[in-house]
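Per chain, numbering begins at 1; letters A, B, ... match sequence-line order.
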Protein chains: 2
Amino acid sequence: MRESAVKERILDVAARLFYQQGYNSTGINQVIDEADIAKGSLYNHFPSKSDLLVAYLQQAHERWFADMEVYLSPIKDPRKKILGLFDFRLNRQLVSNFSGCQFIKASAEIGRGEPKAMDQIKMFKDRLNNYILSLVKQAEHKKFLTDEMLTDTIFLLLEGSSTTGVIQHSPEATRKAKKIIEQFL
Amino acid sequence: MRESAVKERILDVAARLFYQQGYNSTGINQVIDEADIAKGSLYNHFPSKSDLLVAYLQQAHERWFADMEVYLSPIKDPRKKILGLFDFRLNRQLVSNFSGCQFIKASAEIGRGEPKAMDQIKMFKDRLNNYILSLVKQAEHKKFLTDEMLTDTIFLLLEGSSTTGVIQHSPEATRKAKKIIEQFL
DNA sequence: TTTTGAGTAGACAAGTCTGTATATTTTTAT
DNA sequence: ATAAAAATATACAGACTTGTCTACTCAAAA
């Protein structure tokens with residue numbers, strides 16, 4: 001017996017609004033209006049707005065990795081997979097019209113007032129870091145940097161590309177980051 | 001005739017609250033309470049909350065560069081100045097308890113609904129990029145990367161260190177970024 | 001067929017938000 | 001000293017906030 005379609009609709013609408021308008025700027029009433037459900041239903045599935053935020057981040061986490069694995073699965077060479085990460089980032093920037101990383105955005109907005117949400121954000125970034133490290137270990141690279149340092153470079157360049165993409169409203173930073181990493185492979 | 005002390009107090013309190021709690025989570029009433037001024041005075045100096053945000057970003061911009069120039073002025077070697085940028089970042093992270101970059105935070109919160117504020121943010125990051133470029137041009141480095149690419153690397157690593165510092169609540173990322181740049185100098 | 005659970009619609013509480021207005025006092029400048 | 005400007009305290013409008021609650025409908029299961 002599958003999960004309620006109502007719950008899915010709430011989560012999808014909340015995800016879109018939290019991401020595009022921000023968590024604080026999105027009211028419960030807007031979520032129920034656009035999801036076209038009753039307020040009681042929302043509070044039946046999510047005890048509070050904060051729980052809805054955590055659920056949104058959880059879903060975003062799972063979807064991000066699922067999408068990424070689909071995107072990178074045709075690529076076999078680990079070096080090309082690493083570069084593919086930047087193309088994947090680029091794609092998402094174009095599709096989202098440079099709205100930025102969901103997790104960075106959330107963390108900037110909530111500060112330390114939402115510990116469960118912050119944990120979700122940390123877990124996502126940790127997993128990304130570990131994934132990059134596993135690719136780097138598989139890849140033959142110039143060893144100008146150690147595996148760990150190259151991993152950090154890739155991770156930090158990706159993070160920098162995210163925020164810079166938002167501010168410049170352009171894919172330039174991500175393209176430059178990719179070119180930089182190409183020098184190391 | 002110096003600028004009204006009231007205006008200064010408003011701006012300083014707003015700066016602190018906007019930065020620590022976020023713009024959306026800070027109400028005008030909290031600002032006037034903590035600044036201990038009347039609501040009418042606030043709206044006399046700043047026609048709207050949005051204008052107060054822009055003024056805050058302007059002030060933060062000027063102060064950031066002023067502080068940085070003080071911090072780096074005893075250093076003469078351009079390579080050490082570049083590394084000093086990471087120490088400066090580290091200092092600010094420790095002092096602010098890893099609250100993150102003021103401009104990234106603001107840009108994450110306001111989206112494209114505040115064009116004047118976004119312009120301020122862009123101007124800050126542009127100026128930072130130009131400053132890094134001028135240091136790189138003065139510095140003798142290994143030329144593993146071109147001047148422009150090394151500039152982008154430094155800039156993006158600094159940006160990545162900011163967001164990662166917030167999420168991990170630790171100075172590790174900034175220290176690693178510095179070590180990476182050391183390899184290029 | 002009856003009971004149970006999910007969903008709906010909407011009122012409501014209690015408070016917050018930005019911004020305006022008014023009347024009064026304090027400060028500054030001439 | 002007087003007139004103008006700046007700051008004060010405070011009330012208010014109108015909209016919005018999260019979350020609770022009631023009364024009702026409908027569908028599926030027992």
Side-chain angles (χ1 to χ4, degrees), chain A residues 1-57 105-106 108-118, chain B residues 1-57 105-106 108-118:
Chain A
M1 198 183 300
R2 80 186 186 79
E3 267 224 303
S4 153
V6 170
K7 186 169 182 179
E8 277 175 34
R9 215 158 61 240
I10 295 168
L11 203 42
D12 282 351
V13 168
R16 175 168 52 80
L17 295 178
F18 286 174
Y19 179 45
Q20 283 172 355
Q21 311 183 341
Y23 174 69
N24 287 318
S25 306
T26 300
I28 288 291
N29 292 321
Q30 191 184 4
V31 174
I32 67 165
D33 282 352
E34 298 201 18
D36 209 39
I37 50 98
K39 189 176 267 194
S41 299
L42 189 149
Y43 280 98
N44 215 37
H45 290 291
F46 305 97
S48 74
K49 192 188 173 187
S50 169
D51 289 283
L52 187 52
L53 171 65
V54 173
Y56 148 60
L57 293 171
K105 263 190 108 162
E109 214 174 345
I110 62 181
R112 258 159 221 62
E114 298 272 0
K116 284 184 189 169
M118 280 302 292
Chain B
M1 196 185 302
R2 81 186 187 76
E3 266 225 306
S4 152
V6 170
K7 187 169 182 179
E8 276 176 35
R9 215 159 61 238
I10 296 169
L11 203 44
D12 283 351
V13 169
R16 175 169 53 81
L17 296 177
F18 286 174
Y19 179 46
Q20 283 171 357
Q21 311 183 339
Y23 174 69
N24 286 319
S25 305
T26 300
I28 287 291
N29 291 321
Q30 192 185 3
V31 175
I32 67 165
D33 282 353
E34 299 202 17
D36 207 41
I37 50 100
K39 190 177 266 194
S41 300
L42 189 150
Y43 280 98
N44 215 37
H45 289 291
F46 304 98
S48 75
K49 192 188 174 187
S50 170
D51 289 283
L52 187 52
L53 171 66
V54 174
Y56 149 60
L57 293 171
K105 263 190 110 163
E109 216 175 341
I110 61 181
R112 255 157 225 74
E114 299 272 0
K116 284 184 190 168
M118 281 301 292

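- Between the CZ atom of Arg9(A) and the P atom of dA6(C) there is a distance of 16 Å, rounded to whole Å.
- Atom CD1 of Ile28(B) and atom CG of Asp33(B) lie 11.5 Å apart (nearest 0.5 Å).
- Sequence order on DNA chain D of the closest nucleotides to Gln30(A) and Gly40(A) puts Gln30(A) first from the 5' end.
- If you take NZ of Lys7(A) and P of dT8(C), they are 15 Å apart, rounded to a whole angstrom.
- Going from atom CG of Asp51(B) over to atom P of dT18(C) covers 14 Å, rounded to whole Å.
- Atom OH in Tyr43(B) sits roughly 17 Å away from atom C1' in dA7(D) (whole-Å rounding).
- With no hydrogens or angles considered, a side-chain donor-acceptor pair links Asn29(B) and Lys39(B) at under 3.5 Å.
- Here the side chain of Ala38(A) is nearest to one of dT8(C), dT17(D), dT18(C), namely dT8(C).
- Side-chain proximity of Val6(A) to dG19(D), dT8(D), dG7(C): nearest is dG7(C).
- If you check dT8(D), dA7(D), dG7(C) against the side chain of His45(B), the one that comes closest is dA7(D).
- Contact annotation for Thr26(A): backbone-only contact, meaning every heavy-atom pair under 4.0 Å involves sugar-phosphate atoms and none involves a base.
- A straight line from CG of Asn24(A) to P of dT18(D) spans 9 Å, rounded to a whole angstrom.
- Rounding to whole angstrom units, NZ of residue Lys49(B) and C1' of dT16(C) are separated by 11 Å.
- A donor N or O paired with an acceptor N or O is found under 3.5 Å between the base of dG19(D) and the side-chain atoms of Lys39(A).
- In this structure, Gln20(B) CD and Lys105(B) NZ are separated by 8.0 Å, a value rounded to the nearest 0.5 Å.
- In terms of heavy-atom proximity, Asn24(A) sits nearest to Asn24(B) at CB-CB, 4.1 Å.
- Summarising the geometry, the separation between CG on Asn44(B) and P on dT28(C) is reported as 15 Å, rounded to the nearest angstrom.
- Side-chain polar atoms of Asn44(B) and Ser41(B) form no donor-acceptor pair below 3.5 angstrom.
- For Ser41(B), no side-chain nitrogen or oxygen approaches OP1 or OP2 of dA6(D) to under 4.0 Å.
- One can place CG of Asn29(A) at 18 Å from P of dT16(C), the figure rounded to the nearest angstrom.
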